[in-house]
Amino acid sequence: MSQENTKKNYIIPAPVNQEFFEQPTLLLARSLLGCILAKETRDGLAGGYIVETEAYIGPGDKAAHSYLNRRTKRTEVMFGESGLAYTYVMHTHCLVNVVSGGIGKPEAVLIRAVEPVYGEGLMHERRGVDQTIKLTSGPGKLTKALGITMEDYGRRLTEPPLFIAKGIGPESISTGTRIGIGNSGEAKDYPWRFWITGNPFVSK
DNA sequence: CCGGTGATTGTCT
DNA sequence: GACAATCACCGGC
């Protein structure tokens with residue numbers, strides 16, 4: 001159930017429970033579509049519907065950071081329990097994943113795009129763009145819009161400040177190959193990218 | 001310690 | 001379509 005916080009002028013949606021994250025990674029990647037991803041900071045709440053995801057299933061996935069069970073400081077959280085946040089820096093941007101697969105199985109779902117629902121004004125401030133479509137239509141854009149940083153590495157997504165909540169049920173889901181992993185052999189052909197059919201915030 | 005690499009984005013041609 | 005920005009991570013020496 002949602003709880004109203006009368007000290008602030010918005011309603012914080014209730015996070016999903018732990019069991020939600022314990023489904024197989026490819027199913028979780030689909031189930032996350034339509035859910036709310038939100039972050040609460042001093043500046044307020046910012047969040048939106050997840051409209052695009054990608055699954056990464058180490059150790060057999062050459063495109064995954066955890067390929068061959070590679071366990072390093074960066075990938076460590078992927079070996080932890082499902083429902084933790086795996087954030088990492090890509091060039092000048094921070095990207096966010098949902099850890100899945102359970103303890104010892106380094107799998108994750110990358111959040112590639114969301115559709116603004118809460119704090120759109122705040123997102124405009126953070127992004128410095130005036131077109132709403134540019135706010136969250138990419139994995140690096142959405143983290144900046146929501147205020148997600150490396151500070152969120154390893155945080156549980158079942159409670160604020162960074163959490164996932166039930167949203168809408170997508171009418172139709174499309175699948176395809178993942179983006180930006182050209183140098184990963186046959187893994188580049190796996191149909192492990194999912195998006196809400198026709199949603200304008202899906203990355204191009 | 002040093003150099004290559006990358007699950008991206010914005011800008012310029 | 002090409003490319004720079006900019007940096008943490010990672011492997012090799």
Side-chain angles (χ1 to χ4, degrees), chain A residues 21 25-26 28-30 32-33 35 37 39 46 48 50-80 82 84-101 105-116 123-155 157 162 164 174-196 199-204:
Chain A
F21 296 109
T25 298
L26 291 176
L28 179 62
R30 288 174 173 271
L32 282 168
L33 295 176
C35 286
L37 172 66
K39 172 125 189 229
I50 296 170
V51 301
E52 183 183 6
T53 62
E54 282 180 0
Y56 287 86
I57 307 180
D61 179 3
K62 194 174 179 184
H65 294 155
S66 53
Y67 181 51
L68 298 181
N69 279 314
R70 199 162 58 120
R71 191 163 187 160
T72 65
K73 181 179 180 182
R74 181 173 65 157
T75 64
E76 181 61 31
V77 72
M78 294 182 76
F79 291 82
S82 299
L84 298 180
Y86 168 38
T87 53
Y88 80 98
V89 175
M90 173 56 173
H91 288 275
T92 56
H93 306 278
C94 179
L95 276 58
V96 63
N97 295 247
V98 177
V99 171
S100 58
K105 294 175 65 181
E107 307 179 4
V109 177
L110 170 69
I111 308 301
R112 283 199 62 87
V114 308
E115 174 179 338
M123 294 187 199
H124 274 101
E125 285 179 35
R126 287 169 169 163
R127 290 275 294 124
V129 297
D130 42 61
Q131 295 163 271
T132 299
I133 194 64
K134 294 184 175 176
L135 246 33
T136 54
S137 53
K141 298 177 192 175
L142 75 90
T143 54
K144 187 169 182 184
L146 300 193
I148 297 171
T149 69
M150 287 305 294
E151 300 268 302
D152 294 307
Y153 183 91
R155 276 192 170 146
L157 291 165
L162 179 63
I164 286 170
S174 298
T175 67
T177 55
R178 294 172 293 178
I179 293 177
I181 56 165
N183 189 21
S184 62
E186 64 179 22
K188 75 180 191 311
D189 297 321
Y190 298 164
W192 288 354
R193 174 173 170 244
F194 306 91
W195 67 93
I196 296 179
N199 187 285
F201 289 90
V202 171
S203 67
K204 296 297 180 287

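Throughout, a chain's letter reflects where its sequence line sits, starting with A, and its residues are numbered from 1. Source: prediction; values computed, not measured.
Contact record, A/L33 with A/A29: CG-O, 3.8 Å, taken as the closest heavy-atom pair. Smallest separation of non-hydrogen atoms from A/R127 and A/L135: NE-O, 3.0 Å. Scanning all heavy atoms of the two residues, the minimum distance from A/T25 to A/A55 falls at CG2-CB, 3.9 Å.
Taking a pair as Watson-Crick or G-U wobble with both distances under 3.5 Å, the runs of three or more consecutive pairs in DNA chain C are B:1-6 with C:7-12, B:8-12 with C:1-5.
Atom CD1 of A/I111 and atom P of B/dT8 are 14 Å apart (whole Å). Atom NZ of A/K141 is separated from atom C1' of B/dG10 by 9 Å (rounded to the nearest Å). If you take CD1 of A/I179 and C1' of B/dA7, they are 10 Å apart, rounded to a whole angstrom. A/Y88 places its OH atom 13 Å from the P atom of C/dC9, with the value rounded to the nearest Å. Atom CE of A/M90 is separated from atom C1' of B/dG4 by 13 Å (rounded to the nearest Å). Atom NZ in A/K134 sits roughly 8 Å away from atom P in B/dG10 (whole-Å rounding). In this entry the distance linking OH of A/Y67 with P of B/dT5 reads 18 Å, nearest Å. Taking atom NZ of residue A/K188 and atom P of nucleotide B/dG6, one finds them 15 Å apart after rounding to whole Å.
Contact check, A/R127 against B/dT9: no side-chain N or O comes under 4.0 Å of OP1 or OP2. In this model, the phosphate group of B/dA7 is approached by a side-chain N or O of A/H65 to a distance below 4.0 Å at OP1 or OP2. Under 4.0 angstrom from either OP1 or OP2 of B/dA7 there lies no side-chain N or O belonging to A/R193.
Taking the side chain of A/H91 as heavy atoms from C-beta on, and the options B/dT9, C/dA5, C/dC9, the nearest nucleotide is C/dA5. In the set B/dA7, C/dT6, C/dG11, the nucleotide with an atom closest to the side chain of A/T92 is C/dT6. Side-chain atoms of A/I181 lie closest to B/dA7 of the nucleotides B/dT9, C/dA8, B/dA7.
Between A/Y190 and A/W192, the ring-plane angle classifies as tilted under the 30° and 60° cut-offs.
In terms of position on DNA chain C, the residue among A/T75 and A/H93 whose nearest nucleotide sits closer to the 5' end is A/H93.
Looking at A/T87, A/I148, A/I111, A/V114 one by one, the single match for side chain to side chain contact (heavy atoms under 4.5 Å, CB included) with A/T143 turns out to be A/I148. Partner of A/R193 under the side chain to side chain contact (heavy atoms under 4.5 Å, CB included) criterion, out of A/T53, A/I179, A/L110, A/T175: A/I179 alone.
Nucleic acid contact class of A/L95 (heavy atoms, under 4.0 Å, all strands): sugar-phosphate only. Residue A/R178 is out of contact with every strand shown, counting any heavy-atom pair closer than 4.0 Å.
In this structure, a donor-acceptor pair under 3.5 Å is present between the side chains of A/S203 and A/R112.
Remark: ring of A/Y56 overlaps the six-membered base ring of B/dA7 in a stacked fashion, centroids less than 5.5 Å apart, planes less than 30° apart.
The neighbour count for A/E151 CD, taken as heavy atoms of other residues, nucleotides or ligands under 6.0 Å away, does not exceed 12.
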